[in-house]
Amino acid sequence: MKATINGVALNVDVSGPATAPAVVLHHPLATNLSGWDELTAALNPSCRVVRFDARGHGLSDAPKGAYTFEALSADVVGLMDHLKISQAHYLGLSMGGMVGQYLGLLHPDRFRSLCLVSTTSEVPAAAQPLWEERIRNAGTLGMDSVVEGALPRWVAPQVVTGNPDLVQRLVGMIRSTPPDGYIGWCEAIRRLNVTSRLKQIRLPTRVIVGALDPGTPPAAAQVIANEIAGSDLIIMPGVSHMLHMEQPGTLAGHVLEFLRRRGSSA
């Protein structure tokens, strides 16, 4: 279904029992809600799963211009308002995990817990030329220019060579991402710097990262876990950035165990 949130039409999917605890899933850059197919199936028996194409992605509107995490986190809260969900568990991967940190800072009353997956709390100055290049290439060459650089960062080497179906699934998501949306998000991501604020987050939090992730490595996840009091850190061996698609069953196990400890009927 479509829902207009903060002036942007978002593509939304809601499944699972209407009376079950709500879990909001936020996908990573240059993908869409279909990346959560496997996790949604695992959660559906005991959770009301809300997943959506973030602004600029999938079948949602892609307004031009730089996005901000204040606005992007407001999209999540606005969608919850639209669905009449007062509180939810939240799981975000990569840029979704960045949004999750802002939600914990700006809207803590709306969430029961956070799962921050394959993410970081800060993009260093040394990485700015890389983000500038991505923005420039997407604007002039289109999304095909993103594919070659993304795959080695996104999945483990054995997936690149041994799982062509998953590779093609990811390539299809990249190519279908509107360039304006990709650029808008890149502008937000390159300015991310919330490490010094994370101690303000008081929500129950689990941080999950792939041991082979070069873009948001375990060291970055450790920083987040160290800063958020009471959080725990799970390092999944043998996987990289897109661990929700590389090993969906393993991720689902970690998520369900965390939700059960939070008192959810999940």
Checklist entry - Please walk me through it: do His244 and Trp36 pass ring pair (Phe, Tyr, Trp, His ring centres under 6.0 Å)? => result CA-CA 7 Å; His244 64 311; Trp36 296 118; 4.8 Å; yes
Checklist entry - When you look at Glu132 and Arg136, which way does the salt bridge (charged side-chain N to carboxylate O under 4.0 Å, His left out) test go after all the steps? => result CA-CA 6 Å; Glu132 291 167 6; Arg136 183 171 58 252; 5.5 Å; no
Checklist entry - Is any NZ, NE, NH1 or NH2 atom of the basic residue among Asp180 and Arg55 found under 4.0 Å from an Asp or Glu carboxylate oxygen of the other? => result no
Next on the checklist: Salt bridge check, Arg51 against Asp37: does any charged N sit closer than 4.0 Å to a carboxylate O?
Outcome noted: yes
Item to check | Test: Arg134 cationic atom under 6.0 Å from Tyr182 six-membered ring centre, within 45° of axis | outcome: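 Not satisfied by the 6.0 Å and 45° rule.
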Checklist entry - Hey, does the Lys NZ or Arg CZ of Arg110 hover above the aromatic six-ring of Tyr90, less than 6.0 Å from the centre and inside 45° of the axis? => result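 No, Arg110 and Tyr90 do not form such a contact.
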[X] vs [Y] side-chain heavy atoms within contact, under 4.5 Å:
{"X": "Ile208", "Y": "Leu116", "value": "no"}
{"X": "Leu29", "Y": "Cys186", "value": "yes"}
{"X": "Val24", "Y": "Phe52", "value": "yes"}
{"X": "Leu91", "Y": "Val117", "value": "yes"}

Item to check | NZ (Lys64) with more than 12 external heavy atoms under 6.0 Å | outcome: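 12 or below, so no.
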Item to check | Verdict with reasoning, His26 to Trp185, per ring pair (Phe, Tyr, Trp, His ring centres under 6.0 Å) | outcome: CA-CA 13 Å; His26 195 306; Trp185 272 94; 5.7 Å; yes
Item to check | Worked check of side chain to side chain contact (heavy atoms under 4.5 Å, CB included) between Phe258 and Ser113 | outcome: CA-CA 9 Å; Phe258 176 69; Ser113 70; 3.5 Å; yes
Checklist entry - Does Asp53 reach the main-chain N or O of Asn11 with its side chain, forming a donor-acceptor pair under 3.5 Å? => result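 Checking the backbone N and O of Asn11 against the side chain of Asp53, no donor-acceptor pair under 3.5 Å is found.
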Checklist entry - Just by distance, do the side chain of Lys2 and the backbone of Ser60 share a donor-acceptor pair under 3.5 Å? => result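 It does not hold such a pair.
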Next on the checklist: Show, in sequence, the C-alpha distance, side-chain angles and deciding distance for Ser94 and His241, and conclude whether the side chain to side chain contact (heavy atoms under 4.5 Å, CB included) test is met.
Outcome noted: CA-CA 8 Å; Ser94 195; His241 194 63; 2.8 Å; yes
